[in-house]
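For reference, the structure is listed below as structure tokens.
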There are 2 protein chains.
Amino acid sequence: MVNQSQDALKNFDPSFLVPGQSIDCVIIGYNEMGLHILVLKWKGMAGWILPGGFIGIGEDMDAAAVRVLEERTGLKLPYLKQFHTFGKVDRGNFNAELVEADMLPGRSSPIIQWLTQRFITTGYLSLVNMKESMPTPDFLTERCLWKPLNDLPDLMFDHRQIVQTAIAEIRNQINYMPVGINLLPEKFTMRELQSLYESILERALERSNFQKKILRLGYLNRHEKKMTGEAHKAPFLYSFDGDKYNQLLGQGLGFL
Amino acid sequence: MVNQSQDALKNFDPSFLVPGQSIDCVIIGYNEMGLHILVLKWKGMAGWILPGGFIGIGEDMDAAAVRVLEERTGLKLPYLKQFHTFGKVDRGNFNAELVEADMLPGRSSPIIQWLTQRFITTGYLSLVNMKESMPTPDFLTERCLWKPLNDLPDLMFDHRQIVQTAIAEIRNQINYMPVGINLLPEKFTMRELQSLYESILERALERSNFQKKILRLGYLNRHEKKMTGEAHKAPFLYSFDGDKYNQLLGQGLGFL
DNA sequence: ACAAAAGTGTTATCCTTACACCCATGT
DNA sequence: ACATGGGTGTAAGGATAACACTTTTGT
């Protein structure tokens, strides 16, 4: 593992990459504990970062984002959307921290030369099913895992701001983004769908009105009841009617 | 003029610019004929382009956009907002067209070297008062002027798509963008404000309901009547109450 | 029987929409 | 007086929000 990593570092060849331009992915998952973000921890460094990468010569920027996402999660064809490009000079460079951390071989190595240039980064947000994802570290990272949005560790550079911008985007665009169909399992209860919306909007919704509104939109299929063994009425399970869902998504699933 | 231009071309020094990254501005104005876009025509070339530029080493990307806008319009502190980054490999390169047009000195000149690299461009949209703007060509451009959005000339590269993306953004975000206060003159009639909204939304709005809705929001000051000399009731002139307007803008000027 | 949560119903209120009506202006 | 467009009023319909009521489940 260490050898493999060292080899990768020595063999790092930036000559096929677009210089100065990176992408960072805010990969969002959801479970009963709330929204989660996929983060990486760099070897030998204190802070965590978002999964990111660079753009190949001859590679579309969007394709690079798809590639990064697949490499880190194993998921293909995810929901992925560019949301903002961060172009400040002082985004918190690699320079000081990386070199001081003595994590990488020699100041003059190609990878140090590469990493310490100024980067303009484009943020992508992705909505994925946490349980189907397979978080996978790359050669520079020690760990790769889901962290709750409400209890994120310290992130390096401006990555905290990138996350906040992504969350603001999803909140503003909630009626035009396929949050339910991407973040929930195949079958779910109405309560689970409501909790998802409440997690994103960060406010309580009225239960009975939520139920009626969603059902009136008509993109849910009702299935058998879910017998939880608890002492109350069993809720129905629902699934999305993909066609109707996507059709309605285009004109907005009016909410507030 | 020619000498000055040739000097500028010879003296072009890209060593203080961020390579591979450009910005393009969709500068939007409005008059009684509808929405307009500021476009440039390159010397010796058929197509028009959007005002754009590059980012200085040590210059924030947003600052570069402010600089470009001021250089082309003379306007300081405009409304300016990043809306999308275009990262396809094939955005329509300079390569073929520019060299064939024989517009620039020699294939190996610094400026040709610079222009024919792959660029990822970030689009900014700006809302300005057409009558206060002073369209100003730069050393590479022959003309710089306002063209009606409904009758744009052919644009080079992917600039048509950039404009369309910008217009889609303003249409989607109309309730959260200061369109009225930036696109209209100091004083205006209710009909003029309505026509502006109709131009952006590309659909008719009901006159009396528009009036009541706007007035209910309470950010307009009513002034004297505008006597046009026409044979009907004279409309009031209005102006924006900047404080209330900006305050309401934050939470959206609910429309549809 | 009881508690708890799911599902449905009811009501008041607000916003939108469509259209009617009067008002001011110049011919 | 008349045509024209500005300004205001009104009534129907739809959406929302708050809360009441009924149903189902396991103890």
Side-chain angles (χ1 to χ4, degrees), chain A residues 32 171 174-176 180 184-185 187-240 248-249 251-256, chain B residues 32 171 174-176 180 184-185 187-240 248-249 251-256:
Chain A
E32 61 281 359
R171 192 172 297 148
I174 192 166
N175 290 330
Y176 304 90
L184 291 177
K187 291 184 180 179
F188 51 88
T189 64
M190 190 61 75
R191 173 68 78 182
E192 289 167 339
L193 182 59
Q194 182 181 341
S195 295
L196 168 60
Y197 273 83
E198 291 177 334
S199 292
I200 294 170
L201 297 173
E202 284 189 324
R203 63 191 183 82
L205 300 174
E206 212 285 324
R207 182 183 60 85
S208 72
N209 293 331
F210 180 87
Q211 168 127 344
K212 274 173 294 182
K213 184 164 203 172
I214 295 287
L215 290 179
R216 183 151 31 88
L217 287 170
Y219 56 71
L220 289 187
N221 296 319
R222 179 176 280 185
H223 301 282
E224 75 282 10
K225 291 184 177 183
K226 180 184 183 184
M227 307 304 281
T228 60
E230 289 172 283
H232 53 74
K233 189 171 179 177
F236 288 107
L237 286 172
Y238 296 91
S239 67
F240 290 101
L248 287 170
L249 197 58
Q251 58 222 47
L253 315 173
F255 247 111
L256 204 99
Chain B
E32 61 280 0
R171 191 172 296 147
I174 191 167
N175 291 329
Y176 304 91
L184 291 178
K187 291 183 180 178
F188 51 89
T189 66
M190 190 61 74
R191 174 68 79 180
E192 289 168 339
L193 182 59
Q194 182 182 340
S195 295
L196 168 60
Y197 273 84
E198 290 178 335
S199 293
I200 294 171
L201 297 174
E202 283 189 325
R203 62 190 184 84
L205 301 173
E206 212 287 321
R207 183 182 59 87
S208 71
N209 294 330
F210 180 87
Q211 168 127 345
K212 275 173 292 183
K213 184 164 202 171
I214 295 287
L215 289 179
R216 185 151 29 89
L217 288 169
Y219 56 69
L220 289 187
N221 296 319
R222 179 177 280 185
H223 301 282
E224 74 282 8
K225 290 186 177 180
K226 181 184 182 184
M227 307 304 282
T228 60
E230 289 173 282
H232 54 73
K233 187 171 179 177
F236 288 108
L237 286 171
Y238 296 90
S239 67
F240 290 102
L248 286 171
L249 198 58
Q251 60 223 44
L253 314 173
F255 247 110
L256 204 100

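The sequence lines fix the lettering, A, B, ..., with proteins before strands; numbering per chain opens at 1. If you're wondering where the values come from, they're calculated on a predicted model, not measured in any experiment.
Comparing dG7(C), dG7(D), dT25(D) against the side chain of F236(B) picks out dG7(D) as the nearest. Checked against dT25(D), dC19(C), dA17(D), the side chain of H232(A) finds its nearest nucleotide in dT25(D). When the nucleotides dG26(D), dG5(D), dA4(C) are ranked by their closest atom to the side chain of A231(A), dG26(D) comes out on top.
Atom CZ of R216(A) is separated from atom P of dT8(C) by 13 Å (rounded to the nearest Å). The distance from atom CD of E224(B) to atom P of dG7(D) is 13 Å, rounded to the nearest whole Å. Atom NZ in K213(B) sits about 13 Å away from atom P in dA18(C), given to the nearest Å. For the pair N209(A) CG and dT8(C) P, the interatomic distance rounds to 13 Å; values are reported in whole Å. Taking atom CD of Q211(A) as the reference point, atom C1' of dG9(C) lies 13 Å away to the nearest angstrom. The CZ atom of F210(B) sits 14 Å away from the C1' atom of dG6(D) (whole-angstrom rounding). Protein atom CG of L220(B) is 16 Å distant from nucleotide atom P of dG6(D), rounded to whole Å. Put simply, CG on L205(A) is 16 Å from C1' on dA15(D), counting in whole angstrom units.
We find the CG-CG distance between L196(A) and L201(A) to be 9.0 Å, quoted to the nearest 0.5 Å. In this structure, S239(B) OG and L184(B) CG are separated by 11.5 Å, a value rounded to the nearest 0.5 Å. Atoms CG and OH, on N221(A) and Y238(A) in that order, are 11.0 Å from each other to the nearest 0.5 Å. Taking CG of L215(A) as the start and CZ of F236(A) as the end, the distance is 10.0 Å to the nearest 0.5 Å.
Take the nearest nucleotide of DNA chain D for P235(B) and for E230(A): the residue whose nucleotide is more 5' is P235(B). Comparing T228(B) and Y238(A) along DNA chain C, the residue whose closest nucleotide (by nearest heavy atom) sits nearer the 5' end is Y238(A).
Y176(B) meets the side-chain contact (heavy atoms from CB on, under 4.5 Å) test with Q173(B); sequence neighbours excluded. Considering only residues two or more places apart in sequence or on other chains, Q194(A) meets the side-chain contact (heavy atoms from CB on, under 4.5 Å) condition with R191(A), E198(A), L205(A), R207(A), F210(A). Under the side-chain contact (heavy atoms from CB on, under 4.5 Å) criterion, E224(B) pairs with K187(B), L237(B), sequence neighbours left out.
Nucleic acid contact for K225(B): sugar-phosphate only, since backbone atoms but no base atoms lie under 4.0 Å from a heavy atom of the residue.
Side-chain to base pairing of K212(B) with dG9(D): one donor and one acceptor N or O lie within less than 3.5 Å of each other.
Relative orientation of the F240(A) and Y219(A) rings is parallel, given thresholds of 30° and 60° on the angle between their planes.
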Between the protein and nucleotides 20-22 of chain D, list the N/O to N/O atom pairs that are separated by less than 3.5 angstrom.
none

Would you list the atom pairs, donor with acceptor, under 3.5 Å between side chains in residues 228-235 of chain A and any protein atom, with sequence neighbours excluded?
from    : atom 1 : to      : atom 2 : distance (Å)
T228(A) : OG1    : E230(A) : N      : 3.1
T228(A) : OG1    : E230(A) : OE1    : 3.2

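With Q211(B) contributing its side chain and S208(B) its backbone, the two residues share no donor-acceptor pair below 3.5 Å.
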Structure string for DNA chain C in dot-bracket form, Watson-Crick and G-U at under 3.5 Å, | interchain | |||||||||||||||||||||||||||
